[in-house]
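By convention here, the first residue in the shown sequence is residue 1. What you see is a predicted model, and the numbers here were worked out from it, not measured in a lab. Order of listing sets the numbers, starting from 1, for every ligand and every atom in it. Every heavy atom of this structure was used, including side-chain atoms; hydrogens, water molecules and symmetry mates were not.
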Amino acid sequence: MSVIRFRNTHKAFGHPVLAGVNLDVHPGEMFALFGPSGTGKSVLLKTTIGLVVPDRGDVEVDGQSVYFGGNGALARVRKLVGYVFQNAALFDSMNVYRNVEMGLPPDRLRRMNRAEAARAVWAALELVNLDPGSVLSLLPAELSGGMKKRAGIARAIVGRPSILLWDEPTTGLDPVNTAAVERLITGLSKELQVTSMIVTHDVEGALWMCDRVSMLEGGRIRFCGTPEAFRTDTDPVVRAFVDRAVAEAALDVVEMT
Ligand SMILES: Nc1ncnc2c1ncn2[C@@H]1O[C@H](COP(=O)(O)OP(=O)(O)O)[C@@H](O)[C@H]1O
Ligand SMILES: [Mg+2]
């Protein structure tokens, strides 16, 4: 049984981006997707909830076909999935409360009274270690980079999804905030008992956090396996990627000191 299954997923934007992706994410695991910039990692994540519609192939979420599951399939799937967007993607004109509340599925929000919605938002902010009392009425522009990421995560978890998709949750953060957000990801994944799929450039962090990792290259999955197998893989494309990631991590340390 897979929680997310990409089945021969194709997508082109003038040029081919996804050229037949086959990949299975298992229940309860932390799963990472690596790959060079512009290879289609975000596009692949977006196909799980219909933000990008594949040209060919399908995606299955929790055993349900997203694109051949008939009316309502997409809405059912979206309720299962919390999505942490690249760059937090908060609405500039809305305060933190409204931004987080946007993460509640519309039909559930309609059935809730104000106090119930407020309790859900409050609890989500506490789970990401933001003090609800002091941030609820702030606008995104008044938050630090790390706080914005946390608010984006609160929006993704407020509806208590069983699957969390993380698109570069630590990109742009300094090493201290990166470590803090990675601890948050592992902590939340355990506490909420979710399946997590994480797109990240922080290869070292992901190899530490994740049960399995994968690499997208040339529109297809070039590697999928354990962190240990990834580190020691002999495929020259994988090797070049690992070596560059290690070199970049070393550069980060040099910049810090
Ligand atoms: N909505 C879109 N319209 C046109 N091209 C797109 C769109 N979304 C992504 N692309 C293109 O698809 C390719 C993969 O993008 P993306 O998935 O964002 O890469 P990354 O692996 O860095 O996340 C890029 O060439 C990008 O320009
Ligand atoms: Mg991306």
Determine if the distance from atom 26 (C) of ligand 1 to the closest protein heavy atom is below 4.0 Å. no

Any idea which part of H15 is under 4.0 Å from ligand 1, heavy-atom wise: side chain, backbone, both or neither? side chain

Roughly how far, to the nearest 0.5 Å, is CG of L165 from CD1 of I49? 7.0 Å

Hey, which atoms in ligand 1 end up nearer than 4.0 Å to a heavy atom of S37? 22 (O)

Would you say K41's side chain and P36's backbone share a donor-acceptor pair under 3.5 angstrom? yes

Identity and distance of the protein heavy atom lying nearest atom 22 (O) of ligand 1: G38 N, 2.7 Å

Is there a polar contact between ligand 1 and T39, counting only N or O atoms under 3.5 Å apart? yes

Suppose the criterion is salt bridge (Lys or Arg N to Asp or Glu O under 4.0 Å): which pairs have a residue in residues 195-216, not counting sequence neighbours? E29-R212, E204-R231

Tell me which protein heavy atom sits closest to atom 18 (O) of ligand 1, plus the residue, atom name and distance to 0.1 Å. S42 CB, 3.7 Å

Tell me: protein heavy atom nearest atom 1 (N) of ligand 1, and distance? F13 CE2, 3.8 Å

Would you say K11 contacts ligand 1, with heavy atoms under 4.0 Å as the rule? no

Option of least heavy-atom distance to atom 12 (O) of ligand 1 (set: L18, L44, V17): V17

Check whether more than 12 heavy atoms from other residues, nucleotides or ligands sit under 6.0 Å from atom CG of N113, and answer yes or no. yes

Does the pair R239/D233 count as a salt bridge with the N-to-O cut at 4.0 Å? no

Between S42 and D167, does any side-chain donor sit less than 3.5 Å from a side-chain acceptor? yes

Should the ring pair F230 and F34 be called parallel, tilted or perpendicular, given that the plane angle runs from 0 to 90° and is split at 30 and 60? tilted

Within S42, is some N, O or S atom less than 2.8 Å away from the Mg ion (ligand 2)? yes

With a 4.0 Å cut-off, would you call R7 and D58 a salt bridge? no

In this structure, atom 15 (O) of ligand 1 is nearest to the protein heavy atom V43 CG2, 4.0 Å

Hey, is G35 one of the residues with a heavy atom under 4.0 angstrom from ligand 1? no

